[in-house]
Undergrad: 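Next up is a structure, given as structure tokens.
Chain letters run A, B, ... following the sequence lines, proteins first, then strands; residues in each count from 1. Keep in mind the model is a prediction, meaning the values are calculated, not measured. What you see below is based on every heavy atom in this structure, not just the backbone, and it leaves out hydrogens, waters and symmetry mates.
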Number of protein chains: 2
Amino acid sequence: MSVQSQAFTGNCSDCPVRHRAVCAHCEIDELDELESIKYYRTFEAGQTIIWSGDKMAFVGSVIAGIASLTQTMEDGRTQMVGLLLPSDFVGRPGRDGSAYDVTATTDVVMCCFRKKPFEQLMARTPHIAHRLLQMTLDELDAAREWMLVLGRKTAREKIASLLSIIARRDASLSPNGPSGAMVFDLPLTREAMADYLGLTLETVSRQMSALKRDGVILLEGKRHVTVPDMGRLMEEAGDDSDGGLMA
Amino acid sequence: MSVQSQAFTGNCSDCPVRHRAVCAHCEIDELDELESIKYYRTFEAGQTIIWSGDKMAFVGSVIAGIASLTQTMEDGRTQMVGLLLPSDFVGRPGRDGSAYDVTATTDVVMCCFRKKPFEQLMARTPHIAHRLLQMTLDELDAAREWMLVLGRKTAREKIASLLSIIARRDASLSPNGPSGAMVFDLPLTREAMADYLGLTLETVSRQMSALKRDGVILLEGKRHVTVPDMGRLMEEAGDDSDGGLMA
DNA sequence: AGCCCCAGTTGATCTGCGTCAAGGCATGGC
DNA sequence: GCCATGCCTTGACGCAGATCAACTGGGGCT
């Protein structure tokens, strides 16, 4: 499967993620300036994009595919601390090193900006800084929501939480009804799920089987998931049953 | 104990946290403008500052004392998702509701800005937005470091991690030698520690006793802690033994 | 003083998840 | 075809931490 299946010319105006990325509100002249400092890079599934501690020469956006941020302890225990989806921003203007490993979970296409020029542009262009602040605040909310999952939820609730997050993201791309059935492919191996959830891969496997046995999800093969009732899944996750959709 | 023991007149130029807060790099005229939209509020230990879901009329900085951000599930399980120390920022420009409960853990003094005018000032003043971005990125790093603690560390490592974070913060205020002995008072009850660490209070108590028995810490009463060897404590926490201080 | 109340400690027991180990089922190379 | 490899599933067992419960000690009431 090609990650570039859509006809994308490499021009910002065609960019499939532009309306959600850092450059969402840029004017034409600003886009032109971004064009001049950007380049694309592709990474194969499993490849490391940035090593923890490396100095980063670029910042950028994920255009296609999924990348993950992970931290690893000396003895090998690892925890995934973020999932980067198309339009998500990578890098930290104003600091040189990365604090985490960034790894391509699927094949990934990134739109990179050379760091120095990007920072200069940001200094001149308040609404890029503003957009980045909003995106960072969203990430902070997501990280904190995940702290609740890691600290207080049971294995079953953790799995249900992960599935409902992935399902919700897919929904925002191809809108099914929010409370109807939902179908998607898991972009993560059992091991990656375990690293995200603070579990072992065996426990992940067992709980997936349990949710399937109890009719909360249907599995076709190992990765293709059908959720017949999102409300049910969100109850299993321990969230409000409406998932905040009624507000 | 008064939280306002330092002679603080209520004027920005005397503010004990100014060099670390949002307004760190403000010029005199900007400070004047902040003066005109700010007011102080005090909260007693245990009081709720903001309820999850409330609309917030203000943003602001913690001036003295410690506040915490917590999330609670319907069945009462709670997880602390952030610890707010003096100079930390509260609130989310550009969004109305809080996603968490904000609670005063000790007596707290806050410097509040009315939200609307603050947002307008921010729009006109790029370096306030820039400072806020930096602070938010720092918080994001802290949240992600905490995800590793919650997801992968043992109870003993969790306690050691918390103690070393608190010790390090105190060190940054009153500089002892970084690898010598360190003395501080715990600002948290056992229950609050448990909520931060994703443990029960009984487990916290047992592990505190174990660290004391093993000579990693000394306890005088329930709250007064002496760490004879910070390196040892950081090993117990599962971090690099140098804690990044050798870099 | 006498009392209560709250925070913390400690013990006994239970259990959810980790650990270790044995397969299953695709895919790809020879 | 056959075997190797990667990803996943399932079972048996043990342990770290949760749960339930009793107790301690200090600080602030009347």
Undergrad: Under 4.0 Å, heavy atoms only, any strand: does B:R156 hit a base, just the sugar-phosphate, or nothing?
TA: nothing
Undergrad: Check the distance between D:dC8's C1' and A:Q207's CD and give it to me in whole angstrom.
TA: 15 Å
Undergrad: Could you report the tightest heavy-atom contact between B:A45 and B:D107, atom names first, then the distance?
TA: N-OD1, 2.7 Å
Undergrad: Between A:T203 and A:K222, who's closer to the 5' end of DNA chain C by nearest nucleotide?
TA: A:T203
Undergrad: Between C:dG11 and B:R206, counting only base atoms on the nucleotide and side-chain atoms on the residue, is there a donor-acceptor pair under 3.5 Å?
TA: yes
Undergrad: Has the side chain of B:R213 got a donor or acceptor that lies under 3.5 Å from a partner of the other kind on the base of C:dT10?
TA: no
Undergrad: Take the protein atom NZ of A:K153 and the nucleotide atom P of C:dC17, then report the distance between them rounded to whole Å.
TA: 14 Å
Undergrad: What's the separation between atom OH in B:Y196 and atom CE in A:M147, rounded to the nearest 0.5 Å?
TA: 5.5 Å
Undergrad: Atom CG of A:D185 to atom C1' of D:dC7: distance rounded to whole Å?
TA: 16 Å
Undergrad: Distance check needed: C:dG8 C1' versus B:L188 CG, whole Å only.
TA: 15 Å
Undergrad: I need the NZ-C1' distance between A:K158 and C:dG16, as an integer number of Å.
TA: 11 Å
Undergrad: Does A:T200 reach a base, just sugar-phosphate, or nothing at all? Heavy atoms under 4.0 Å.
TA: base
Undergrad: Roughly how many Å is it from CZ in A:R190 to C1' in D:dG6, rounded to a whole number?
TA: 14 Å
Undergrad: How long is the span from the CD atom in B:Q207 to the CG atom in B:L197, to the nearest 0.5 Å?
TA: 10.5 Å
Undergrad: Of all the choices, C:dA7, C:dT10, D:dC8, which nucleotide is nearest to the side chain of A:R223 once you look at every atom?
TA: D:dC8
Undergrad: Once you round it to whole Å, what is the distance between P of D:dT19 and CG of B:L199?
TA: 11 Å
Undergrad: What's the CE-P distance between B:M208 and C:dT10, to the nearest Å?
TA: 11 Å
Undergrad: Can a donor-acceptor pair under 3.5 Å be found between the side-chain atoms of A:E202 and the base atoms of C:dC20?
TA: yes
Undergrad: Is A:G46 touching bases, backbone alone, or none of the nucleic acid, heavy atoms closer than 4.0 Å?
TA: nothing
Undergrad: Of all the choices, C:dT9, D:dG17, D:dT10, which nucleotide is nearest to the side chain of A:S205 once you look at every atom?
TA: D:dT10
Undergrad: I'd like to check A:M56 versus A:V59 (side-chain heavy atoms, cut-off strictly below 4.5 Å). Are they in contact?
TA: no
Undergrad: Between A:D101 and A:T72, is there a side-chain heavy-atom distance shorter than 4.5 Å?
TA: yes
Undergrad: Base, sugar-phosphate, or nothing: which does A:L201 touch, judged by heavy atoms less than 4.0 Å apart?
TA: base
Undergrad: Taking OP1 and OP2 of C:dT10, is either one under 4.0 Å from a side-chain nitrogen or oxygen of B:S209?
TA: yes
